[in-house]
Amino acid sequence: MKFNKLTVALDMYGCPNRCKHCWVGHTPNGNLAENDLIYVAQAFRPHADKMEIFDWYREPDYKDNYSRLWQLRTELSDFVTPHFELVSVFRLVRDDNYVKWLAALGMKCAQITLFGGEATTDHYTGRRGAYKEILRAMDILIENGMSPRVQIFVNKSNIDELPQIEKLIEQNNYVDRCKSFGGKFSCFVHQGSCDGENEKLYDIRVTPDDLEKIPALLKNFTLEYFNTDDLSVIFGRAESELYDELICDTSINDFTSGEPAFYVNNGFDVYPNISTPTPYWRLGNLKTDGANTVISNYLQNNSIAQKVGATTPINEIVKKIGDAKSMRLFDKDDYIIYLINGYCKRIIQ
């Protein structure tokens, strides 16, 4: 089969952070060469009418050669998505040319992540000094005509710190400073999916009563960002409610697509961009198995997780993994992935 469109992301260098919410998980950083990116692109090239390749799936623009890599991946791709609104805070505060390069690419907004006050943000980012760098990065963006968009990850351990972020926004006058150059400051609160590192925080996942703790300013920003007037659209439903629905659901989940995205780690293991790159989602190794085998495994649901999804009714999975009494909030699709991951862990233990 030849895909209509294929997206491939190679984890060439990794990430300076070890965020405790990171859905792609923590793996050792690599130091791959440009030829490795070329190799990956050439390996998948015959299998798609159109292909786009990325040099990262954790931290964009992490290394000094970010400009060259952008040029190279442009040359290797049939189409190029504009630079994601994800940027490297690490580089923003260390490289004066980086923000100018982003501006030259036409970026108008860049996403920044906070978890609360300084100690909490440093803790959840996994790097001392991260909070101060984040605040400096927002100033740099505004000084160069780009609007920060702040995403705030919450759970029961940090939701009481939201007033600190509200105060930060007001004291730094981000809204008016962005308006001064025709931009728009934005912000939103959410709990994220429950895979990768964030799965380890399942026990402190937010419940309906926690939503009342979101300050008015942050609530309004969040509702505006998601274009809704109901926080439940963003935070989802209680696990107990989803359990009751899924315990009667005999359907299966086929994750294959005619336009898939693959993650390739620095050891050239390949995973579908569905959940955290883990052994039970592994499709094979590009170097030792080749692209044909990797793609065949994907299409035939041969990874453990895909096979579970495609052959095991969701009611059987929720019965073994779900908690019928839990009030933890989930988006339904995220909850299904959480269940499948948990089921796979039991299989491989």
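Every heavy atom of this structure was used, including side-chain atoms; hydrogens, water molecules and symmetry mates were not. What you are looking at is a predicted structure, and each value in this text was computed from that prediction instead of being measured. Each residue takes its place number in the sequence, starting with 1.
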Inset, instruction - Determine, stepwise, if the pair F84 / F54 fulfils ring pair (Phe, Tyr, Trp, His ring centres under 6.0 Å). - result: CA-CA 11 Å; F84 284 131; F54 289 85; 5.5 Å; yes
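- A donor-acceptor pair under 3.5 Å is formed between the side chain of Y298 and the backbone N or O of S257.
- D49 and K5 are not joined by a salt bridge, as no carboxylate oxygen comes within less than 4.0 angstrom of a charged side-chain nitrogen.
- Side-chain atoms of Y335 and E239 include a donor-acceptor pair closer than 3.5 Å.
- With sequence neighbours excluded, the residues satisfying side-chain hydrogen bond (donor to acceptor under 3.5 Å, both in side chains) with Q300 are S296.
- D122 and T125 share no side-chain donor-acceptor pair at under 3.5 Å.
- For the pair S77 (side chain) and V80 (backbone), a donor-acceptor distance under 3.5 Å is absent.
- Salt bridge status for E59 with R91: absent, with no side-chain N to carboxylate O gap under 4.0 Å.
- Of the N and O atoms on the side chains of N341 and S275, at least one donor lies less than 3.5 Å from an acceptor on the other residue.
- By the criterion of side-chain heavy atoms lying less than 4.5 angstrom apart, applied directly or through intervening Ile, Leu, Val, Met, Phe, Trp or Tyr residues, V175 is grouped together with L135 in one hydrophobic cluster.
- Side chain of D249 to main chain of I314: no donor-acceptor pair is present (N/O by atom type, distance under 3.5 Å, no hydrogens or angles).
- With 3.5 Å as the limit, one finds a donor-acceptor pair spanning the side chains of Y124 and S157.
- R205 and N155 share no donor-acceptor pair across their side chains, judged by distance under 3.5 Å alone.
- By the neighbour-count criterion of 12 heavy atoms within 6.0 Å, atom CG of D96 is sparsely surrounded, having that number or fewer from other residues, nucleotides or ligands.
- Defined by atom type and a distance below 3.5 Å, a donor-acceptor pair is present between the side-chain atoms of Y66 and D95.
- Across every non-hydrogen atom of C194 and F330, the tightest pair is CB-CE2, 3.5 Å.
- Taking a 6.0 Å sphere around CG of D230, one finds it holds more than 12 heavy atoms contributed by other residues, nucleotides or ligands.
- Residue D209 places its CG atom among more than 12 non-hydrogen atoms of other residues, nucleotides or ligands, all under 6.0 Å distant.
- Between Y57 and the choices W23, Y263, Y62, the ring pair (Phe, Tyr, Trp, His ring centres under 6.0 Å) rule is met once, by Y263.
- Counting non-hydrogen atoms of neighbouring residues, nucleotides and ligands closer than 6.0 angstrom, the NZ atom of K156 exceeds 12 such neighbours.
- Relative orientation of the F188 and F226 rings is perpendicular, given thresholds of 30° and 60° on the angle between their planes.
- A distance-only check finds a donor-acceptor pair linking the side chain of N158 to the backbone of F153 [under 3.5 Å].
- Within the 3.5 Å criterion, the main-chain N or O of Y174 finds no donor-acceptor partner in the side chain of N172.
- Scanning all heavy atoms of the two residues, the minimum distance from I337 to I274 falls at CD1-CG2, 3.7 Å.
- The main-chain N or O of I321 is never found under 3.5 Å from a side-chain atom of R346 such that the two would form a donor-acceptor pair.
- Sparse packing is recorded around CZ of R128, with 12 or fewer heavy atoms of other residues, nucleotides or ligands lying under 6.0 Å away.
- Applying side chain to side chain donor-acceptor pair (under 3.5 Å) to Y13 and the options N31, N65, D61, N266 leaves one that passes, N65.
- Side-chain contact check for S326 and R328: at least one donor-acceptor pair (N or O, by modelled atom type) lies under 3.5 Å.
- Side-chain contact check for L6 versus F262: some heavy-atom pair is nearer than 4.5 Å.
- The side-chain tip of R282 does not point at the ring of Y280 from less than 6.0 angstrom away and within 45° of straight on.
- Considering all non-hydrogen atoms of both residues, Y98 and P60 come closest at OH-O, 4.4 Å.
- Scanning for side chain to side chain contact (heavy atoms under 4.5 Å, CB included) contacts around L105 gives W70, H83, W101, with sequence neighbours left out.
- Salt bridge present: R73 and E52 bring a charged side-chain N and a carboxylate O closer than 4.0 Å.
- Around atom NZ of K287, more than 12 heavy atoms belonging to other residues, nucleotides or ligands sit under 6.0 Å away.
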Pairs under 3.5 angstrom only: tabulate donor-acceptor contacts from the side chains of residues 106-115 to other protein residues two or more places apart or in another chain.
| from | atom 1 | to | atom 2 | distance (Å) |
| --- | --- | --- | --- | --- |
| Q111 | OE1 | R149 | NE | 2.8 |
| Q111 | OE1 | R149 | NH2 | 2.9 |
| T113 | OG1 | Q151 | NE2 | 2.9 |

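- Under the 4.0 Å criterion applied to side-chain N and carboxylate O atoms, D139 and R177 are assigned as salt-bridge partners.
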